[in-house]
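Have a look at the structure below, then the notes.
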Protein chains: 4
Amino acid sequence: MRSAAKKTAPTPEVAADRKKQILKAAVEVFAERGFHRTRVSDIAKRAGVAYGLIYHYFESKDDVLNCVFEENWSVFLKVLRDLEANPELAAAQKLRSIAALLIDALQIAPATIQVIIQEVSRSDRFVHTEKVHAFEGAFTVVRQIIEGGQRRGELRADLSAQVGAYIFFGALETICTGFMLGHIRCSTPEEAAVVKHTVELTLLHGLLDPKGAK
Amino acid sequence: MRSAAKKTAPTPEVAADRKKQILKAAVEVFAERGFHRTRVSDIAKRAGVAYGLIYHYFESKDDVLNCVFEENWSVFLKVLRDLEANPELAAAQKLRSIAALLIDALQIAPATIQVIIQEVSRSDRFVHTEKVHAFEGAFTVVRQIIEGGQRRGELRADLSAQVGAYIFFGALETICTGFMLGHIRCSTPEEAAVVKHTVELTLLHGLLDPKGAK
Amino acid sequence: MRSAAKKTAPTPEVAADRKKQILKAAVEVFAERGFHRTRVSDIAKRAGVAYGLIYHYFESKDDVLNCVFEENWSVFLKVLRDLEANPELAAAQKLRSIAALLIDALQIAPATIQVIIQEVSRSDRFVHTEKVHAFEGAFTVVRQIIEGGQRRGELRADLSAQVGAYIFFGALETICTGFMLGHIRCSTPEEAAVVKHTVELTLLHGLLDPKGAK
Amino acid sequence: MRSAAKKTAPTPEVAADRKKQILKAAVEVFAERGFHRTRVSDIAKRAGVAYGLIYHYFESKDDVLNCVFEENWSVFLKVLRDLEANPELAAAQKLRSIAALLIDALQIAPATIQVIIQEVSRSDRFVHTEKVHAFEGAFTVVRQIIEGGQRRGELRADLSAQVGAYIFFGALETICTGFMLGHIRCSTPEEAAVVKHTVELTLLHGLLDPKGAK
DNA sequence: AATGAATGAGAGTTCATTCAT
DNA sequence: GATGAATGAACTCTCATTCAT
C-alpha cells in the first residue's frame with residue numbers, strides 16, 4: 001500500500017535529498033541577504049518546506065551555515081592537500097592550480113563561494129573557532145607549498161612563507177569579492193583567463209617590469 | 001576669566017569629546033564582539049555614559065559604525081590620493097608606502113583597523129552601497145597608481161590594473177586579518193619589517209626565485 | 001474518526017478563533033485603558049496567549065486596532081447602505097433605524113463601540129486617512145438619506161444635507177460617549193426608549209415646542 | 001547697567017509672555033501632530049526656546065495640555081454661564097448663541113478648537129477626570145438652558161434634557177471635526193451662516209418638513 | 001517525516017524629565 | 001531665567017526555537 005510506504009519509509013536517500021534541498025536554498029538566501037538578515041523562515045520558503053523541518057535536519061540556523069561551510073570547504077581542502085602532496089608539480093604550478101580552481105568555481109557556484117567568503121570567513125570568526133581552524137588548514141597547505149618551493153629553490157627563500165600564504169589567499173579572496181560586486185568580470189573563459197594571467201604575473205613574477213629601469 | 005565661556009558651558013569641545021569618547025568605546029567593543037553581537041548598552045557601558053546618550057550623538061547603532069568608518073576611511077583615502085598625485089614617486093614606491101601605512105597602523109590602532117576590515121568591509125556590503133563606493137575610492141587610487149606605473153614602463157603592462165588593485169588590497173586586508181587572529185606578528189618594528197619585506201617581494205618582485213630554473 | 005482532521009490539526013477554525021480571541025481581548029483592554037496606554041503585552045495577557053503570538057496574527061499594534069475597526073465598521077456600513085437603498089422606507093424612518101441601531105448596540109457591545117468612537121474616530125485622524133475615508137462612507141450614506149428625503153418633500157429642503165449629516169452623526173456619537181461616561185443611561189429597553197425618543201424629537205421634530213409662543 | 005537688568009529682572013509680564021508664547025506654540029503643534037505624537041522638543045522648537053525651559057513654566061507635557069484646555073475652556077464656560085443666567089433671553093436664543101459662538105470661533109482660532117475637541121475631549125478621558133468634570137460643566141449649562149426652556153413652555157417638555165444637551169453638544173463638536181477635515185466649510189461669514197442656519201433648523205425646528213405628509 | 005502555531009527572551013529606539021552650568 | 005546634555009524606563013517588534021498534532 002503506497003500511502004503507508006510514504007508514512008514509514010524515510011529512506012536515507014530521501015532524507016539526504018531533503019537536507020541537500022535545504023542547504024541549496026540556504027546558500028541562495030544567505031548569498032542574497034547575508035546570514036544575519038536571513039530568517040530561518042526565508043530558508044524554508046525558498047526550499048519549499050515548512051518552518052520546523054529545518055530543525056529536523058539541522059540543530060540550529062548556525063548549524064546550517066556550518067554545514068554549508070564544511071561540505072564545501074572539506075572538498076576544497078582535500079583538493080588542496082592532494083595538490084600539495086603531489087611531488088611531480090612545481091610549487092608555482094600548484095599555486096596556479098589553486099588560483100584557477102577558485103576562479104573557475106566562481107563561474108560554477110558563485111553563491112556558495114560568496115557565502116563562504118562573506119559569512120563564514122568573517123562574521124563570528126572569533127567565536128566559532130572551529131571555522132578558524134578549518135581556514136587555517138588551507139593556509140597551512142599554501143604555506144607548505146611555498147616552503148616546499150623555497151626549499152627546492154623554486155621560490156624566493158628570503159620571505160615569510162606564512163605571510164606569503166596570507167597574501168596569496170587574500171588576493172584570491174578579494175578577487176572573489178570584486179567578482180560579486182560586479183567589479184571584476186570572470187564569467188567567460190576569456191575573462192577568467194585575464195584574471196588568472198594577472199594573478200600569475202602579480203604574485204609569481206611581480207608587478208615590476210623587469211625591463212623597466214630602477 | 002571668560003564669563004562667556006561659562007555661558008556656552010557644555011563647550012563644543014566637550015560635545016566633540018563626548019562623541020569621540022563614545023566612538024572610542026564603540027570601536028573597542030565592536031572589535032571584541034563584532035558589530036552584531038554588540039548591544040548599544042555595551043557601547044554605553046564601555047563609554048561610561050547612559051544608554052540614551054548614544055542617541056544624542058548618533059542616529060542609530062548603524063550610524064555609530066558608519067562614523068567609525070567615515071572618520072578613519074576618509075583620512076586614509078586622503079593620504080592615498082595625495083600619494084597617487086605625487087609625481088616624484090615611482091609607482092612601486094607609492095605601493096610600498098600604502099602597504100607600510102596599513103602595516104604600521106596595525107600597531108597603532110589595531111581595533112580600528114579590525115572594525116573597518118571586519119564589520120564595514122564585509123557585513124551587508126551589498127546593502128550599504130555608500131560604503132562600497134567609499135571602498136571603491138581606495139581601489140580606484142591603487143588602480144590609477146598601477147596604470148600610471150604601466151604607462152611609465154615601471155610596471156608590467158600586460159596585466160589588468162583593476163584585478164591587480166584587487167590583489168594588492170586583498171593581500172593587505174588579509175594580512176590585517178591574520179594579525180588579528182594572532183597568526184601574523186607585526187607588533188614590533190622588526191616584525192613589521194619582515195611583513196613589509198614579504199609584501200615587497202611577493203607583490204612587486206614575484207614569488208618566483210629569478211635564480212631558480214623555471 | 002477522521003484521521004485527516006488530525007493532520008490539518010491547527011484547523012483554520014482554530015486559527016480564526018485565535019484571532020477572534022485576541023481581538024476580543026484587545027477591544028476590552030483598549031476600552032479600559034485607551035489604545036496608547038495599552039501595551040501589546042496587556043493584550044496578550046488578557047487573551048491568555050504569548051506575547052509574540054499577537055505578531056503571528058497581526059502586523060503591529062496599530063493593525064490590531066485597524067482590524068477592530070474594519071470588522072465592525074464594515075458591518076455597520078453595510079447595514080447603513082442597505083437601509084439607504086430601501087425605497088419603501090421614509091427618510092425619517094431610515095434615520096430612526098440608524099439611531100436605534102447604534103443605541104441598541106451600546107447595550108450589546110459597549111466596549112467595541114467605545115473603542116471605535118474613542119480611538120479610531122479620533123486619534124491620528126489626520127494621519128490614517130483610510131479610516132477617515134471609512135468614516136466618510138457613513139456620512140455619505142446619511143447625507144444621501146437626507147437628500148433623498150429632501151427631494152421627496154419629507155425633510156426640510158432649506159438646509160445643508162452635508163452639515164445635517166454631521167449633526168446627526170455627532171449627536172449619536174456624543175450619546176455613545178455620554179453612555180460610556182455613565183452620564184446617559186441606556187442599558188435597559190426602557191432607558192434606551194427614552195434616548196431614542198429624545199433623538200427623534202430633537203433631530204426630527206426640533207427642540208422647539210410647537211405649542212410654544214415665539 | 002543693562003546686562004545686569006537682563007539677568008535679574010524677570011518681570012512678571014515677560015514671564016507671562018514666555019508662557020503664552022509656549023502655549024501658542026503648543027496649540028499649533030498639538031493641532032498638527034496630535035498630543036501623543038508631539039514631543040516636548042517640538043513645542044520648544046516651535047516656540048523658539050530651549051528644551052528645558054518648558055519645565056520652568058509647566059510641570060509636565062500633560063500640564064501644557066491642561067493649561068491650553070483650562071485657559072480656553074474657562075472663558076468659554078464663563079460665557080455659557082452668563083448666557084444661561086440671562087433672564088431676558090429665550091432658551092432657543094441661548095442655544096443659537098452658543099452655536100454661533102463655536103462656529104465663529106472656528107474661524108478665529110481653529111487650532112485651539114481642534115486641540116480642545118480632539119485631544120482633551122477624548123484622549124485619556126477616563127484618566128483625567130478633572131477634564132471630564134470641566135466638560136460636564138458645559139453640558140450642565142446646556143441642560144439647564146433646556147430645562148429652563150421646558151419649564152417656560154418654550155421647548156418640548158417630553159424629552160430628556162440631559163440627552164438633549166448631549167445631542168446639542170455632539171452636533172457642534174462634529175461640525176468642528178468636519179471643519180477640520182475640510183468637509184464642512186465655514187471660513188467666511190456666508191459659509192458660517194449656512195452652518196448656523198442648518199443647526200437652527202435641525203436642532204430647533206427638526207429635520208421633518210412640516211408641510212410634508214407624515 | 002512534516003507542519004506551523006506558539007513561545008518569550010532580547011534588542012533597538014524614543015522621549016519625558018532632570019540637572020549642572 | 002535659560003540651555004541642552006544626560007538619564008533610563010518603557011515599549012514595540014523580531015525571530016530562533018520548541019512542540020503538539
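Chain A is the first sequence line, chain B the second, and so forth, proteins listed ahead of strands; every chain is numbered from 1.
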Could you check how far [atom1] of [X] sits from [atom2] of [N], rounded to whole Å?
X       : N      : atom1 : atom2 : value
C:Lys19 : E:dA6  : NZ    : C1'   : 16 Å
A:Phe35 : F:dA16 : CZ    : C1'   : 10 Å
A:Asp62 : F:dA16 : CG    : C1'   : 10 Å
D:Lys45 : E:dC15 : NZ    : P     : 11 Å
D:Tyr51 : E:dT21 : OH    : P     : 20 Å
C:Arg37 : E:dA16 : CZ    : C1'   : 13 Å
C:His36 : F:dC11 : NE2   : C1'   : 12 Å
B:Ile54 : E:dA11 : CD1   : P     : 15 Å

Would you say the base of F:dA2 and the side-chain of D:His56 have a donor-acceptor pair closer than 3.5 Å?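 Yes.
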
Donor-acceptor pair under 3.5 Å, C:Tyr55 side chain vs E:dG8 base: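 For C:Tyr55, whose side chain was compared with the base of E:dG8, there is no donor-acceptor pair (under 3.5 Å).
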
What nucleic acid atoms does C:Ser41 come within less than 4.0 Å of, heavy atoms only: base, sugar-phosphate, or nothing?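 Touches nothing.
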
Between F:dA16, E:dG8, E:dT3, spot the one nearest the side chain of A:Ala50, thanks.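 When the side chain of A:Ala50 is considered, E:dT3 is the closest of F:dA16, E:dG8, E:dT3.
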
Among F:dT3, E:dA5, F:dA5, which nucleotide has an atom closest to any side-chain atom of C:Tyr57?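 Nearest to the side-chain atoms of C:Tyr57, counting from C-beta on, is E:dA5.
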
Both B:Leu53 and B:Lys61 contact DNA chain E. Which one's nearest nucleotide lies toward the 5' end?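 Counting from the 5' end, the first nearest nucleotide belongs to B:Lys61.
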
Quick check on DNA chain E: between B:Gly52 and C:Gly52, whose nearest nucleotide comes earlier from the 5' end?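 Between the two, 5'-proximity favours C:Gly52.
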
Among B:Leu23, B:Asn72, B:Asp62, exactly one meets side chain to side chain contact (heavy atoms under 4.5 Å, CB included) together with B:Cys67. Which residue is that?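 For B:Cys67, the side chain to side chain contact (heavy atoms under 4.5 Å, CB included) test succeeds with only one of B:Leu23, B:Asn72, B:Asp62, which is B:Leu23.
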
For the side chain to side chain contact (heavy atoms under 4.5 Å, CB included) test, which of D:Val115, D:Leu65, D:Ile116, D:Ile22 pairs with D:Val27?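 Among the candidates, only D:Val115 passes.
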
Strand DNA chain F as a dot-bracket string - pairs counted if Watson-Crick or G-U with both distances under 3.5 Å, | where the partner lies in another strand: .||||||||||||||||||||

Do A:Glu71 and A:Lys19 pass the salt bridge (charged side-chain N to carboxylate O under 4.0 Å, His left out) test, and can you show the C-alpha distance, the side-chain angles, and the key distance before you say yes or no? CA-CA 12 Å; A:Glu71 281 213 353; A:Lys19 194 161 181 175; over 6 Å; no

Under the salt bridge (charged side-chain N to carboxylate O under 4.0 Å, His left out) test, residues paired with D:Lys24 that sit two or more places apart: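 D:Lys24: salt bridge (charged side-chain N to carboxylate O under 4.0 Å, His left out) contacts with D:Glu28.
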
Qualifying residues under salt bridge (charged side-chain N to carboxylate O under 4.0 Å, His left out), relative to C:Lys45, sequence neighbours excluded: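 Partners of C:Lys45 under the salt bridge (charged side-chain N to carboxylate O under 4.0 Å, His left out) test: none.
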
Does the pair B:Asp42/B:Arg39 count as a salt bridge with the N-to-O cut at 4.0 Å?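 Answer for the salt bridge query: yes.
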
Can you tell me how the ring of D:Phe30 sits relative to the ring of D:Phe35, calling it parallel under 30°, perpendicular over 60° and tilted otherwise?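 Taking D:Phe35 first and then D:Phe30, their aromatic rings stand perpendicular (interplane angle over 60°).
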
Starting at the 5' end of DNA chain F, which residue's closest nucleotide do you reach first, C:Arg39 or B:Gly48?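 Mapping each residue to its closest nucleotide by heavy atoms, the 5'-most match is B:Gly48.
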
